[in-house]
Amino acid sequence: MQTKLLKADNNNIQKVASLAGEVLRRGGIVAIPTETVYGLAANALSGEAVKKIFEAKGRPQDNPLIVHVTDISEVTPLVKSIPDEARRLAEKFWPGPLTMIMPKSDLIPDETSGGLSTVAVRCPSHPVARAIIKAAGVPLAAPSANISGRPSPTNAKYVFEDMNGKIDMIVDGGQSEVGVESTVVTLAQKPARLLRPGGITAEQLKSVLGEVVIDDAVLHMLKSGEKAASPGMKYKHYAPKADVTIVKGSLDAFRRFVAEKGDCFVLCFEGEEKYFENYVTYGRADDPSSQANRLFDALRELDEKGAKTVYARDPGTSGVDLAVYNRLIRAAAFKTANAK
Ligand code: TXA
Ligand code: MG
């Protein structure tokens, strides 16, 4: 398949969106920019179209997709009913990096919901994503536009690397701002449960809902036989080719730890470059959003540099860093070490 590459800028958004919308309406697959990461979009209401996403990504069939809309009013036909909590969260955080799970209506095919009785919906803020959903005239199912298991792509170059020849079109809308995927919260049970941390923090959710439970799988490896509330959490994820370990401790302790290891790469914060020979940086130590923005690119850059063994500085887990740690600990296959 020949993959078309279109660049969207301020002057041609409508034109590009209408070309992408046409492809989507006839059941094709288009990679679209969003403020979190790039998505691989198809008509969410067509099981046939959605199947092609799973094929392009090599994604397990039981891992459900997020359905993208431009306004909460478009959610009504997709769900049994909209819980009051969803309205309050949408009011505060939509459009933006928040996905909400609710009991689904019959309009949502099993392919989209991975056979579950619930559906995940999100309203992105990226102007190109919004224009494409409107032009398509249907809600769009869109997982991250990477090959399953690889870091999610935050720019068109990385989408091209993973998807060239497998999909109809890639729309280049520049670098994604947030850099990690949306926060996923389920409202299909009470109290609400955070399944995947993202740009909207647990603290922000609590400020609206009061109580929010953080699912065990956010920070810990599932024990064998344990069922994942979010199927995506059970798979190996975000993994670069290198063997990654998160090293806890101060910068000084980290430097001593790495010096003893010899031949390796480090994933460190900006300003720490001078201490290491082989490194990739991921944001500033005191700025979680900058770490989220850089993390997936940094993981891909480690691959590009041929890194085999990587020691990563610990991002911590407060605010947006819960999302950063959640992705990094999976890239590290849950390996951590303590530097003294
Ligand atoms: O930021 C994002 O959310 C990006 C952009 C493209 O919008 N999309 C994205 O989709 O990250 P994906 O498919 O890579 O991740 C969706 C996650 C998976 O972990 C999946 O298991 C979970 O959401 N999920 C989807 N529907 C669900 C449901 N009904 N119940 C539980 N988890 C669900
Ligand atoms: Mg993904």
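Remember, it's a predicted structure, so these values are computed and weren't measured experimentally. Just follow the structure's listing: the first ligand is 1, and inside any ligand the first atom is 1.
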Q: Applying side-chain contact (heavy atoms from CB on, under 4.5 Å), name anything that partners Lys4, two or more places apart in sequence or on another chain.
A: Met169

Q: Is it the case that ligand 1 has an N or O less than 3.5 angstrom from some N or O of His68?
A: yes

Q: In plain terms, say whether Arg150 and Asp303 are close enough for a salt bridge, that is, a side-chain N and a carboxylate O under 4.0 Å apart.
A: yes

Q: Looking only at protein heavy atoms, identify the closest one to atom 8 (N) of ligand 1 and say how far it is in Å.
A: Ala142 O, 3.5 Å

Q: Just to confirm my output: which protein heavy-atom neighbour is closest to atom 29 (N) of ligand 1, and how far is it?
A: Thr118 OG1, 3.0 Å

Q: For Glu181, is at least one N or O under 3.5 Å away from an N or O on ligand 1?
A: no

Q: Can you pull out the closest protein heavy atom to atom 15 (O) of ligand 1? Residue, atom name and distance to 0.1 Å, please.
A: Arg196 NH1, 3.0 Å

Q: Using the ring centroid of each side chain, check whether Tyr311 and Phe254 are separated by less than 6.0 Å.
A: no

Q: Can you list everything that forms a salt bridge (Lys or Arg N to Asp or Glu O under 4.0 Å) with Arg313? Sequence neighbours excluded, please.
A: Glu272

Q: Give the total of protein N/O/S atoms at a distance below 2.8 Å from the Mg ion (ligand 2).
A: 1

Q: For Asp215, which residues count as a side chain to side chain donor-acceptor pair (under 3.5 Å) partner, sequence neighbours excluded?
A: Arg193

Q: So is Lys104 in contact with ligand 1, going by heavy-atom distances below 4.0 Å?
A: no

Q: Within the structure, is a non-hydrogen atom of Ala229 found at a distance of less than 4.0 Å from ligand 1?
A: yes

